Amino acid sequence: MSFARRCQPLLDVLRDPTRMAILDLAAWDLLLRQAASAGLLSRLAVKAEALGLDGRLPGSVRPHLTAARSIAAKQRQAVRWEARRVAHALAGIDGPVLLLKGAAYAIADLPPAAGRLFSDIDILVPRAQLDQTEAALLLAGWHTQKQDAYDQRYYRQWMHELPPMTHIRRGTVLDVHHNLLPETARIPTHADPILAAAQALPDLPGLHIPAPTDLVLHSACHLFHEGEWGHGLRDLVDLDAMLRAFSTAPCFWTDLLARARTLNLGRPLYYAMDCCLRWLQTPIPQATLAGCPSPPPIWQRPMMRRLFDAGLASSHASCQGRWSGLAKQALYVRGHYLRMPWRLLLPHLLHQAGRRDREQD
Amino acid sequence: MKLGDLSLAQVRRRLADNELALRTGPFATRIHSPMPQVAEGLLRLYADFPLDSGEFSDFHVRVGSPTGLRRWLRPQINFWFDGHSPFKPLPANHAFALLEWGMNWCIAGHAHHYLMLHAAVLEMNGRAVVLPGDPGAGKSTLTAALMLSGWRLLSDEITLIDRDDGLLVGLARPVSLKNASIDVIRHAFPDAVIGAPAYDTHKGTVAHVRPSADSVARVGEKARPAWVIFPRWREGAEARLSPHSRADAFLHTASHAFNYSLLGSLGFDLNAGLMDACACHDFEYSRLDDALRMFAELAA
């Protein structure tokens, strides 16, 4: 059985939320668990309310959706508040400060924000302003967690972000990026066009969000270039929501492909569109997929599909198959492989393995 | 059908096959466990509780041995919530206590359709008393004693307030006693059914008291709050009820709640509604008899 087939109960209602009204209790028993472990229960709950379905759902299911909506509302309020704190702390920085991913969706009320769960806040600043940004955040109470010299060098020399910063009182975590991908990544990209095209947020002076095409490309590159698959399906749902909403603008698909070429992010965009089509039936024109820059060679495609499918299905036991563990390992290694060349990667993995051994002793 | 209608062998088989769903108030929990202690503890303490059809369960939990080499060295158990284990493994003889903690964790972490306070609740003559208690204040001892002398137990650990009507919702799950209070209750109520103690847990020795049959039978009846009482056991103290400011009671329950801030303004409204409906007191005592008499007068 394919991975998508195992996740069918969840996929059915993500594709068509009105189907929630016709499910029986036994179907809900599995659906609630698949949705919760994928981090998508609150999204379904918000959809159900927006469609006026709540009254037609079984009485024992409704409390779960009410609870999930409360969690989502609280997290959204918290992320908006935290973003305002960041804006306040960075008011004096030259050059734009961009909110990325979840924080951008929440602040600008973009389609993925409905019922989404949030974790860290991600921002992007011009590389030249990195020191200034870090100093300003430090003054406002964010500090980098305790890390050894190796970690500091790993982040500061090779990565596209500072080590995660934690607020000293609130415990919230902030990731400060200066690029979308590591300096050492196999695909070189650059952040200048994204900074230049950023859109200002009228009620938050100094804060910006990326242009719609750049939001899509960043989300695609986060999911399909890095090795983090814990929220894989949720991230794909973000992409689906953005593509559906943004594509009502004229020329969106042409602009998206052109932008992928400019930023050198055709490959992750190809994977994102291919998975959105197959998993969520996102209405992406065939011509757009066919015209995507730097697509993977045809012989690689079936293998990559199997790998990503395993990653997308990884959150709940009922979705996993015999090869899930192996596929997850492979995705992890792939994520690292894409991050840096072998001459840096091998010593890094050895160092991490040695550290794990020391911690266990 | 009640759990007590099954034999121990049947309970063990169902638990081992993941075919046992237990209803405790508003929640159905499907429990999967090969551990004999879990079967024995459930049958001893939950015999009056109805079994659920199992078609839909609010929580899917498992208590069993972690895999890995350690299990051959020192037997351990862990708790899984639908495949995720939120706790560190414990010594194997804490299996039943771990299930109880795990079930509390399920509710506290998920049932956000209620405001959940860290307090016990009991009811008498249609009026309910909420007992918030700091650790060591004697809340559970008093709760067990009140239940064993005729008060209806709604909950020992988690007070559920319905977001639609502000009424208190019952669970009627066993009362958890710690250390010296186990013998205090055993001595004062020789007929009380108490489960096998778990020694050397992070809370010391822990044992659970079986809820009264009346509490279990009427678990579906919501209760109207009438008092918020902060109990405090102090050696040699005369039983004494004294006024406690409502504002302070509000702040105390809010800061010890499981999801007060998560619910935002709804949490404020529900907690304020509770305080509006209640008289708030401090209650100091040393002897259970005095305490029971004073609560009987209160409810008369």
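Below, chains carry the letters A, B, ... as their sequence lines are ordered, and counting in each starts from 1. Keep in mind that this is a model prediction, so the values were computed, not measured. All heavy atoms count here, side chains included; hydrogens, waters and symmetry mates do not.
- Only the side chain of B/H84 comes within less than 4.5 Å of a heavy atom in chain A; its backbone stays farther off.
- Using a 4.5 Å cut-off between heavy atoms, B/R163 touches chain A through its side chain atoms alone.
- For a residue to count as touching a neighbouring chain, one of its non-hydrogen atoms must lie under 4.5 Å from one of that chain's; by this rule B/S261 touches chain A with backbone and side chain alike.
- Interface check for chain B: of the options A/K74, A/Q75, A/Q77, the most heavy-atom pairs under 4.5 Å are formed by A/K74.
- Ranked by non-hydrogen atom pairs under 4.5 Å with chain B, the options A/P63, A/A78, A/P58 are led by A/P63.
- Heavy-atom distances place both the backbone and the side chain of B/L262 under 4.5 Å from chain A.
- Taking the side chain as every heavy atom from C-beta outward, A/I71 and B/H112 approach each other to under 4.5 Å.
- Atom CZ of residue B/F81 and atom OG of residue A/S37 lie 9.5 Å apart, to the nearest 0.5 angstrom.
- Summarising the local packing, CG of B/D200 is surrounded by 12 or fewer heavy atoms from other residues, nucleotides or ligands at distances under 6.0 Å.
- Both the backbone and the side chain of B/D58 have a heavy atom closer than 4.5 Å to some heavy atom of chain A.
- Taking the side chain as every heavy atom from C-beta outward, B/F56 and A/H64 approach each other to under 4.5 Å.
- Contact record, A/S70 with B/L263: OG-CD2, 3.8 Å, taken as the closest heavy-atom pair.
- Side chains of A/D29 and B/H60 form a contact here, defined as non-hydrogen atoms less than 4.5 Å apart.
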